Amino acid sequence: MLQLFNTLTGKREPFEPIEPKTVRMYVCGVTVYDYCHIGHARSALVFDVLRRYLEYSGYAVTFVKNFTDVDDKIIKRANEQGVSCESITSKFIDAYYEDMGKLGIGRATEEPKATAHMTEIVNLTEALISKGLAYAVGGDVYFQVEKYPAYGRLSKRKLEDLQAGARVDIDERKRHPMDFALWKSSKPGEPSWPSPWGSGRPGWHIECSAMSIRLLGETFDIHGGGMDLIFPHHENEIAQSCGATGKEFARYWVHNGFVQVNQEKMSKSLGNFFTIREIFEKSEWTEAVTGEILRYFLLSTHYHGPLDFSDQGLKESKQALDGFYDLFYRLGESDLRTAADVSLGPMIERTISAFQQAMDNDLNTPVAVSELQKLRGDLNKLVQQGLSTDARRRARQAFRSLGAVLGLFQTDRWEFGSRIAECDKQISDQEVELKIAERAAAKKQKDFTRADAIRKELNALGITIEDKPDGTSRWKR
RNA sequence: GGCGCCGUACCCAAGUGGUAAGGGAGCAGUCUGCAAAACUGCGAUGCGGCGGUUCGAACCCGCCCGGCGCCUCCA
């Protein structure tokens, strides 16, 4: 049974959905004013894998992930560039899909935008005012945190503590310094929508409450996002939602850790910032391969902890994947021997069970991957002992189906050598085959000088040759 | 000032009270004309330090050292 670490309770808990075999989850997406970085990728990937695993486990999942498309930073960016906010947001939404698509991150069931839910946002704000939890000042509306006794429940903070360390500007119009905006009056030139308080735009937190309630109901199963959203974003969402509905909001709160560089959080001010597209542009591998490397890398650490991004980390992920695809390559060859066939079934069963156990344990992807590594080692032995063509096919299929949960091992076109794009141009498969045949002939005549020369020539083109005991050779790029 | 996280071999990384998973690198072998791949063996008497609880602790408690995050926008 799946157990998840719930930020709300600070404990790992068995996951029990509200409705059997059904999961409704909401994940905070991105504010679309810039390209996504690796940190965004990690968050998106963690919840992509959670969704995949829930579906693998037999749940029908309704997955909602929003785009924040109205916000101070968007307005600022639009003004800087002298373009409309809409042109900024549509550009970066497209970029989001493009970048995440390369990582194999699928679309959510619903991907709502704040700007398309103004009615719900205004209604929710009105409800909070009528319940005495919010108040209007001028054209602004604030949530009054002191009226919501459970404020601080998620982030485990007390109002007094927040006050002590607050560096926020004191706004005399607020009744408490921590009161936050539900609705902001708009300045000239800013995007705005009509409301009972004059034209304006929503505060940051209210959109998620409005859209999740609209699409998933007042109470739903899982709410996720990055660690940094715990406070104030998610704390405020809870206050707004529970305050308005009087019901429980999300039952399980799941938060992923940060991507860091040299032990420090990635941030623009430190200049240690890598966008997803930058990684792909700089990669010496093809897009599909780079995507899988990145995925493997991001999943090789538990989602809850910090993850240090580094070239070495990517390199090690590539090597690990090379090992898997090396095996898959050999599993694709035919063999009449069947000596090890009987061992295969139990071996796969054991792996499936261990894999599920790892994933059930708060989505422990590093252990899940290591179980696949064990299977890889075991299968390498079986292949040596003799595994029939059919058994090899079943073995490959096992990797394919478990790998699908992590988004790994799906391709049949892995690239072993680097700079593959250039290699492709330099020599075709047919030409390689010709060279290999020529080399085989040389070997047969014990002309090893010639054989080695051909191998060296192919190596230079990114082709690796492996001689088999029977005198034939396999090769890979 | 408040809240919280982290510190496991050369590197990455599991472990959540029962005697240190897995991967990479390295070294030594097997195989091979050589190479590549694969396989085999070697690698923390030890889990930042010091105490404590316990029959037993990397795992629980306390103190200390070191690193980081949040409290303002942030995945």
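Quick caveat, the model's predicted, so the values are computed rather than measured. Chain A is the first sequence line, chain B the second, and so forth, proteins listed ahead of strands; every chain is numbered from 1.
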Of the options [options], whose atoms approach the side-chain atoms of [X] most closely?
| X | options | answer |
| --- | --- | --- |
| A:D228 | B:U72, B:A21, B:A75 | B:A75 |
| A:Q319 | B:A75, B:A25, B:C39 | B:A25 |
| A:K381 | B:A75, B:U40, B:G33 | B:U40 |
| A:P232 | B:G23, B:C68, B:C73 | B:C73 |

Protein-nucleotides 59-61 of chain B N/O pairs closer than 3.5 Å?
none

Atom-to-atom span, [atom1] of [X] to [atom2] of [N] - whole angstrom:
| X | N | atom1 | atom2 | answer |
| --- | --- | --- | --- | --- |
| A:L159 | B:C71 | CG | P | 16 Å |
| A:R153 | B:C3 | CZ | C1' | 17 Å |
| A:L299 | B:G23 | CG | P | 18 Å |
| A:F231 | B:C73 | CZ | P | 9 Å |
| A:K315 | B:G24 | NZ | C1' | 10 Å |
| A:L387 | B:A38 | CG | P | 17 Å |
| A:I230 | B:G2 | CD1 | P | 20 Å |
| A:H234 | B:C71 | NE2 | C1' | 16 Å |

Between [N] and [M], how many Å separate the two [atom1] atoms, rounded to a whole number?
| N | M | atom1 | answer |
| --- | --- | --- | --- |
| B:A25 | B:A38 | P | 9 Å |
| B:C42 | B:G49 | C1' | 30 Å |
| B:C59 | B:U8 | P | 14 Å |
| B:A36 | B:C70 | P | 47 Å |
| B:A57 | B:G18 | P | 12 Å |
| B:C11 | B:U40 | C1' | 23 Å |
| B:A14 | B:G22 | C1' | 8 Å |
| B:U32 | B:C27 | P | 23 Å |

Is it true that the side chains of [X] and [Y] contain a donor and an acceptor less than 3.5 Å apart?
| X | Y | answer |
| --- | --- | --- |
| A:T351 | A:E371 | no |
| A:T115 | A:D69 | yes |
| A:D308 | A:S310 | no |
| A:N364 | A:Y303 | no |
| A:H302 | A:D362 | yes |
| A:S209 | A:Q240 | yes |
| A:E13 | A:T9 | yes |

NA contact type, [X], heavy-atom cut-off 4.0 Å: base, sugar-phosphate, or nothing?
| X | result |
| --- | --- |
| A:V369 | nothing |
| A:R157 | base |
| A:S370 | base |
| A:G226 | sugar-phosphate |
| A:S155 | sugar-phosphate |
| A:Y329 | nothing |
| A:G257 | base |
| A:G225 | sugar-phosphate |

Checklist line | More than 12 heavy atoms from other groups under 6.0 Å of CZ on A:R52 | finding: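 Counting other residues, nucleotides and ligands, CZ of A:R52 exceeds 12 neighbours.
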
Next item on the list: Stems involving RNA chain B: give each as a range paired with a range, ordered by first number, where a stem means at least three consecutive Watson-Crick or G-U wobble pairs under 3.5 Å.
Entry: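 When the pairs of RNA chain B are grouped into runs of at least three, the stems are B:1-7 with B:65-71, B:10-12 with B:22-24, B:26-30 with B:38-42, B:48-52 with B:60-64.
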
Kindly say if [X] contacts the phosphate of [N], meaning a side-chain N or O under 4.0 Å from OP1 or OP2.
| X | N | value |
| --- | --- | --- |
| A:R376 | B:A38 | yes |
| A:K265 | B:C70 | yes |
| A:N380 | B:C39 | yes |
| A:N364 | B:G15 | yes |

Donor-acceptor pairs under 3.5 angstrom involving side-chain atoms of residues 456-463 of chain A: please list them, not counting sequence neighbours.
unit_1	atom_1	unit_2	atom_2	d
A:E457	OE2	A:K435	NZ	3.1
A:N459	ND2	A:I463	O	2.7

Report yes if the side chains of [X] and [Y] come closer than 4.5 Å at any heavy-atom pair, otherwise no.
| X | Y | answer |
| --- | --- | --- |
| A:V367 | A:N361 | no |
| A:L307 | A:F258 | no |
| A:W253 | A:I230 | no |

Please tabulate, one pair per line, each protein N/O and nucleotide N/O from nucleotides 34-37 of chain B that are separated by under 3.5 Å, including the distance.
unit_1	atom_1	unit_2	atom_2	d
B:C34	O2	A:R455	NH1	3.4
B:C34	O2	A:R455	NH2	2.3
B:C34	N3	A:R455	NH1	2.8
B:C34	N3	A:R455	NH2	3.4
B:C34	N4	A:D467	OD2	2.7
B:A35	N1	A:D467	N	2.9
B:A35	N3	A:R455	NH1	3.1

Checklist line | Geometric cation-pi criterion A:R77 and A:Y33, 6.0 Å radius, 45° cone | finding: no

Notebook entry, point to check: Mind checking what makes ring pair (Phe, Tyr, Trp, His ring centres under 6.0 Å) contact with A:H233, not counting sequence neighbours?
Noted result: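 For A:H233 the ring pair (Phe, Tyr, Trp, His ring centres under 6.0 Å) partners, ignoring immediate neighbours, are A:W204, A:H205.
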
Check: Toward the 5' end of RNA chain B, which comes first, A:Y296 or A:K73, by nearest nucleotide?
Finding: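 Going by which nucleotide is closer to the 5' end, it is A:Y296.
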
Next item on the list: Mind telling me whether A:F409 and A:F324 have parallel, tilted or perpendicular rings, with 30° and 60° as the class edges?
Entry: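 Rings of A:F324 and A:F409: tilted, as their planes differ by 30° to 60°.
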
Check: Once the angle between the rings of A:H234 and A:H223 is folded into 0 to 90°, is it parallel (under 30°), tilted (30 to 60°) or perpendicular (over 60°)?
Finding: perpendicular

List, with names and distances, any nitrogen or oxygen atoms from the protein found under 3.5 Å away from nitrogen or oxygen atoms belonging to nucleotides 5-12 of chain B.
unit_1	atom_1	unit_2	atom_2	d
B:C11	O2'	A:Q312	NE2	3.1

Check: Could A:R392 and A:D341 be called an ion pair, given the rule that one side-chain N must be under 4.0 Å from one carboxylate O?
Finding: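 Salt bridge: no.
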
